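Right, one structure below, let's go through it.
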Amino acid sequence: MNRLETVNLSDCILANKFALLSGNSLLISATYYDIGTFYNTFAPKQKHVDSTIAAYNKGFEVSLKIKDIEVRKKVQFYYYNNVGITYANNKEYSKTLQIFNKGLQTYDYKDKFYIWSLLTNIGYLYVLMQDNDTALKYYQKAEIVSTDKQVTDQNRIGLYLNISKLYEKMHLFDKALVYDKKARETIIKEDKRLYENNTRSLDTFYQTEQEKNILEEKNKSYKKYEIWYISAIISIVLGLILLFFTLDYRQKLNKKTTSLLESEKQKLKMENELFIMKQEQLQRQALATSIQLEHKNTFINELKVNLPKDKKFNHLLKDEQLMDNNFNTIRDIIQETHPNFFKRLNELAKNRLTNLDLKYVAYIYLNMDNIQIATALKVDPKTVSVTKYRLKQKLGVRKGQDLNTFIRTMNY
């Protein structure tokens with residue numbers, strides 16, 4: 001198949017697709033017939049016969065849904081005629097005869113053209129089968145039907161010539177001459193009719209030309225007014241378009257300004273809420289620290305008063321105070337850098353974190369190793385390892401994951 005034929009087939013398939021979407025039985029049936037005709041015309045080889053018949057069969061099935069009887073008859077006649085010819089071209093004469101006879105059973109003798117066409121096709125089929133006597137019988141039946149006005153002179157001419165050729169094959173030359181004469185007379189009659197139609201067409205043409213000239217003259221006189229009107233309309237349209245775009249631009253500008261103001265308002269609202277939250281957090285933190293320091297200072301003062309003067313004990317108290325002060329300084333630095341650091345720790349913790357836990361976390365955050373932490377807290381390094389293990393469990397750190405890395409890379 002060449003490219004042109006492929007394109008035509010794709011066009012037929014596309015038309016069928018749109019017809020199916022429309023749901024119109026007539027259109028669907030017609031597009032299936034077009035696909036069958038394509039295969040029959042452009043690809044009449046044996047390998048495409050099945051595709052041709054399949055397309056025609058689908059078209060026939062759909063035609064049964066057409067409500068208008070006359071339309072349905074015409075569509076089905078197309079099926080019987082084309083499927084029969086397809087089988088005949090492939091020398092499947094029995095199938096051809098079966099299709100044509102089925103068509104004859106479908107139409108009664110009031111449908112003259114359909115009957116005439118099928119009888120003629122059957123006659124021609126018997127000619128192909130070299131059964132001249134049977135072919136002549138069907139041709140004669142077709143001749144009887146051809147007297148009706150539904151059968152045109154052009155149809156009759158073909159029938160007369162076929163009968164004439166058949167008589168020649170049968171060596172009945174006198175009868176062949178009779179039908180040859182009938183064919184010539186019908187041709188002359190048809191030529192005369194066509195000539196008269198052409199004459200009437202020419203008269204109509206000249207009359208139309210005269211009316212056309214008159215209209216052209218009138219059109220010239222109105223041309224100036226037409227140009228003026230068109231110019232005025234174009235000016236009005238352009239003005240309206242300009243007005244529309246101006247109003248549209250202003251509307252978009254207003255929307256954009258309103259949107260920016262609304263965004264700014266939301267931003268200020270969020271900042272204000274964040275500021276209030278920070279203030280509340282700082283107040284709570286200051287209160288907690290104040291209470292803690294007050295409690296610790298009271299406790300230390302009581303110890304100073306009640307316990308005997310001991311240089312070692314006083315040294316320990318000073319170390320404790322220095323340690324707390326160091327931790328408070330570290331905590332303030334971390335809190336200033338990452339306000340949500342300790343809050344996030346408490347959220348992650350499965351159990352409540354003690355002040356000692358928070359000290360460990362702060363020193364780990366500063367990247368201090370176990371010995372440094374042990375020195376700062378004056379504890380054994382093993383105690384640091386145990387406390388770190390307990391912290392991993394409290395914070396839900398996975399097995400194999402480093403606690404130091406977890407704390408420094410925590411999402412806060």
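These figures come from a predicted structure and were not determined experimentally.
- Within 6.0 Å of atom CG in Leu243, more than 12 heavy atoms from other residues, nucleotides or ligands are found, so the atom counts as buried in its surroundings.
- Taking OH of Tyr363 as the start and NZ of Lys388 as the end, the distance is 13.5 Å to the nearest 0.5 Å.
- When atom types are taken as modelled, the side chain of Asn90 and the backbone of Thr86 share a donor-acceptor pair closer than 3.5 angstrom.
- No donor-acceptor distance shorter than 3.5 angstrom exists from the side chain of Arg156 to the backbone of Thr186, with no hydrogens or angles considered.
- Here the straight-line distance linking atom OG of Ser29 with atom CG of Asn16 works out to 10.0 Å at 0.5 Å rounding.
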Chi angles and distances behind the side-chain hydrogen bond (donor to acceptor under 3.5 Å, both in side chains) call for Gln98, Tyr93: CA-CA 8 Å; Gln98 183 181 355; Tyr93 299 134; over 6 Å; no
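- The environment of Lys102 atom NZ is sparse: at most 12 non-hydrogen atoms of other residues, nucleotides or ligands sit within 6.0 angstrom.
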side-chain hydrogen bond (donor to acceptor under 3.5 Å, both in side chains) between Asn404 and Tyr365, intermediate numbers included: CA-CA 7 Å; Asn404 295 23; Tyr365 176 79; over 6 Å; no
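- You'll find the ring centres of Tyr167 and Phe173 outside the 6.0 Å limit.
- Arg352 places none of its side-chain heavy atoms less than 4.5 Å from the side chain of Asn346.
- Under the 4.5 Å side-chain criterion, counting only non-hydrogen atoms from C-beta, Phe113 is in contact with Phe77.
- Note that CD1 of Ile157 is 6.5 Å distant from CD of Gln154, once rounded to the nearest 0.5 Å.
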Intermediate values then yes/no, side-chain contact (heavy atoms from CB on, under 4.5 Å), Asp357 and Tyr360: CA-CA 5 Å; Asp357 292 333; Tyr360 270 89; 5.5 Å; no
Worked check of side-chain contact (heavy atoms from CB on, under 4.5 Å) between Thr96 and Val83: CA-CA 8 Å; Thr96 306; Val83 172; over 6 Å; no
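- Rounded to the nearest 0.5 Å, atoms CG (Asn367) and CD1 (Ile407) are 11.0 Å apart.
- Between Lys169 and Val127 the shortest side-chain heavy-atom distance falls below 4.5 Å.
- Residues Lys189 and Lys192 form no side-chain contact, since every pair of their non-hydrogen atoms from C-beta on lies 4.5 Å or further apart.
- Taken to the nearest 0.5 Å, the CG atom of Asn89 stands 10.0 Å off from the OG1 atom of Thr52.
- Ring-centre distance between Tyr32 and Phe60: not below the 6.0 Å cut-off.
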Chi angles and distances behind the side-chain hydrogen bond (donor to acceptor under 3.5 Å, both in side chains) call for Glu143, Tyr139: CA-CA 6 Å; Glu143 183 181 7; Tyr139 278 151; over 6 Å; no
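- Taking a 6.0 Å sphere around NZ of Lys175, one finds it holds 12 or fewer heavy atoms contributed by other residues, nucleotides or ligands.
- Put simply, the side chain of Tyr107 reaches to within 4.5 Å of the side chain of Gln76, judged on heavy atoms.
- Here the side chains of Leu403 and Leu395 are in contact, with some heavy-atom distance below 4.5 Å.
- Taking CG of Leu177 as the reference point, atom CZ of Arg184 lies at 8.0 Å (rounded to 0.5 Å).
- A side-chain donor from one of Thr37 and Tyr78 sits under 3.5 Å from a side-chain acceptor of the other.
- Of all heavy-atom pairs spanning Ser25 and Val62, the tightest one is O-CG1, 3.3 Å.
- Using a cutoff of 4.0 Å between basic side-chain nitrogens and carboxylate oxygens, Lys137 and Asp133 are not scored as salt-bridged.
- Between the side chains of Ser385 and Asn370, a donor-acceptor pair is found at a separation under 3.5 Å.
- Within the 3.5 Å criterion, the main-chain N or O of Gln401 finds a donor-acceptor partner in the side chain of Lys392.
- Taking the charged nitrogens against the carboxylate oxygens, Lys255 and Glu262 have no contact shorter than 4.0 Å, which rules out a salt bridge.
- Within 6.0 Å of NZ in Lys394 there are more than 12 heavy atoms belonging to other residues, nucleotides or ligands.
- Other residues, nucleotides and ligands contribute over 12 non-hydrogen atoms within 6.0 Å of the CG atom of Leu21.
- Contact check for Ile28 versus Lys65: no side-chain heavy atoms found under the 4.5 Å cut-off.
- Cation-pi geometry between Lys141 and Tyr138 is met: the NZ or CZ atom falls under 6.0 Å from the ring centre, inside 45° of the normal.
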side-chain contact (heavy atoms from CB on, under 4.5 Å) between Val237 and Ile241, intermediate numbers included: CA-CA 6 Å; Val237 170; Ile241 292 172; 3.7 Å; yes
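- Considering all non-hydrogen atoms of both residues, Leu159 and Ala142 come closest at CD2-C, 3.8 Å.
- A donor-acceptor contact shorter than 3.5 Å is absent between the side chain of Ser146 and the backbone of Val151.
- Here the shortest heavy-atom pairing between Tyr33 and Tyr79 reads OH-CB, 3.1 Å.
- Asn155 places a side-chain N or O within 3.5 Å of a backbone atom of Thr152 that can act as its donor or acceptor partner.
- Under a 4.0 Å N-O distance rule, the pair Arg344/Glu347 qualifies as a salt bridge.
- When atom types are taken as modelled, the side chain of Thr375 and the backbone of Ile371 share a donor-acceptor pair closer than 3.5 angstrom.
- Asn162 contributes a side-chain N or O that, together with a main-chain N or O of Gly158, makes up a donor-acceptor pair within less than 3.5 Å.
- Counting heavy atoms from C-beta on, the side chains of Phe342 and Leu358 come closer than 4.5 Å.
- Within the cation-pi definition used here (under 6.0 Å to the ring centroid, within 45° of the axis), Lys252 does not qualify as a partner of Tyr249.
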Stepwise salt bridge (charged side-chain N to carboxylate O under 4.0 Å, His left out) test for Glu190 and Arg193: CA-CA 5 Å; Glu190 180 66 8; Arg193 184 184 68 80; 2.4 Å; yes
Name every donor-acceptor pair, under 3.5 Å, that has one atom in a side chain of residues 116-125 and the other anywhere in the protein, sequence neighbours excluded.
residue: Thr120; atom: OG1; partner: Trp116; partner atom: O; Å: 2.8
residue: Asn121; atom: ND2; partner: Asn81; partner atom: OD1; Å: 2.4
residue: Asn121; atom: ND2; partner: Ser117; partner atom: O; Å: 3.3

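- Distance alone, capped at 3.5 Å, is enough to place a donor-acceptor pair between the Asn101 side chain and the Leu97 backbone.
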Evaluation steps, side-chain contact (heavy atoms from CB on, under 4.5 Å), between Ser231 and Ile227: CA-CA 6 Å; Ser231 301; Ile227 293 171; 4.2 Å; yes
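- Proximity of a side-chain donor or acceptor of Arg72 to a complementary backbone N or O of Ile66 within less than 3.5 Å is detected.
- A salt bridge is absent between Glu185 and Lys182: the closest approach of a Lys/Arg side-chain nitrogen to an acidic carboxylate oxygen does not fall below 4.0 angstrom.
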